[in-house]
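Notes follow the structure.
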Amino acid sequence: MTANKHDDSFFSKVYEVTQLIPFGRVTSYGAIAAYLGTRGSARMVGWALNASHFNSGAIPAHRVVNRNGVLTGKHHFGGQKVMQQLLESEGIKVENDQIIDFEKVFWDPMKELL
DNA sequence: TTGCTGACCGACG
DNA sequence: CCGTCGGCCAGCA
């Protein structure tokens, strides 16, 4: 394989950032995309997280929500209530598929990893 | 190869 | 306020 892994793929980057999300914190697709330098590719972040299930399974994708703090991708976790329970398990309050005090638990890789 | 879709975001009317 | 459109990149038929 020419000894060249080159994990610079968009997917790999998303995985790393997602795994860096601390306990009890959440982030948004756009935040990750912006951190990667591709704000417009926010959709790809979700796509990458979708593939994260096949990748290792240790990716806390449940800590990633949309800009409104809404659990848009809850369906892809294999359960609609799974994501909410996981978040509540970390001390994050979720109601009506929306995170309470979203800005308080919001974790921005751009600022935290800066 | 082309075209469509997708866990988004922001702008426009 | 709500609906619609464009942009971005990767995977699949």
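Chain letters run A, B, ... following the sequence lines, proteins first, then strands; residues in each count from 1. Just so it is clear, the values below take in all heavy atoms, side chains as well, and ignore hydrogens, waters and symmetry mates.
Side-chain contact check for A/Trp47 versus A/Phe10: every heavy-atom pair is 4.5 Å or farther apart. With a 4.5 Å cut-off on side-chain heavy atoms, A/Val65 and A/Thr72 do not count as touching. Contact annotation: the side chain of A/Leu49 approaches that of A/Ile59 to within less than 4.5 Å [non-hydrogen atoms, C-beta and beyond]. Here the side chains of A/Leu71 and A/Gln98 are not in contact, with every heavy-atom distance at 4.5 Å or above.
Expressed to the nearest 0.5 Å, how far CD1 of A/Ile32 lies from CD of A/Glu16 amounts to 12.0 Å. Interatomic distance, A/Asn68 CG to A/Asp97 CG, rounded to the nearest 0.5 Å: 12.5 Å. Distance CD/A/Glu95 to NZ/A/Lys93: 10.5 Å, rounded to 0.5 Å.
A nucleotide of DNA chain B counts as in contact with chain A when one of its atoms lies under 4.0 Å from a heavy atom; the first and last such, 5' to 3', are B/dG6 to B/dG10. The footprint of chain A on DNA chain C, defined by a heavy-atom cutoff below 4.0 Å, extends from C/dG7 to C/dG11.
Within residues 65-76 of chain A, the residues having any heavy atom under 4.0 Å from DNA chain B are, by residue number, A/Asn66, A/Arg67, A/Thr72, A/Gly73, A/His76. Of the residues in residues 100-112 of chain A, none lies under 4.0 Å from DNA chain B by heavy-atom distance. Within residues 25-45 of chain A, the residues that have a heavy atom under 4.0 Å from DNA chain C are, in order of number, A/Gly40, A/Ser41, A/Arg43, A/Met44.
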Tell me which donor-acceptor pairs under 3.5 Å the side chains of residues 84-92 of chain A have, and how far apart each pair is, sequence neighbours excluded?
from, atom 1, to, atom 2, distance (Å)
A/Gln84, NE2, A/Glu88, OE2, 3.4
A/Gln84, NE2, A/Val94, O, 3.3
A/Glu90, OE1, A/Gly24, N, 3.2
A/Glu90, OE1, A/Arg63, NE, 2.9
A/Glu90, OE2, A/His62, NE2, 3.0
A/Glu90, OE2, A/Arg63, NE, 3.0
A/Glu90, OE2, A/Arg63, NH2, 2.8

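Comparing C/dA13 with B/dA7, their C1' atoms sit 22 Å apart, to the nearest whole Å.
The side chain to side chain donor-acceptor pair (under 3.5 Å) check on A/Arg67 picks up A/Ser28, with sequence neighbours excluded. The side chain to side chain donor-acceptor pair (under 3.5 Å) test applied to A/Asn50 returns no partner, not counting sequence neighbours. For the ring-ring contact (aromatic ring centres under 6.0 Å, His included) test, residues two or more places apart in sequence or in another chain that qualify with A/Phe102 are A/Phe106. For A/Thr27, there are no side chain to side chain donor-acceptor pair (under 3.5 Å) partners, not counting sequence neighbours.
Screening residues 105-114 of chain A for side chain to side chain donor-acceptor pair (under 3.5 Å) gives no qualifying pairs among residues at least two apart or on separate chains. Residue pairs satisfying the ring-ring contact (aromatic ring centres under 6.0 Å, His included) criterion with at least one member in residues 67-98 of chain A, sequence neighbours excluded, are listed as follows: A/His53-A/Phe77.
A donor-acceptor contact shorter than 3.5 Å links the side chain of A/Asn66 to the backbone of A/Gly69.
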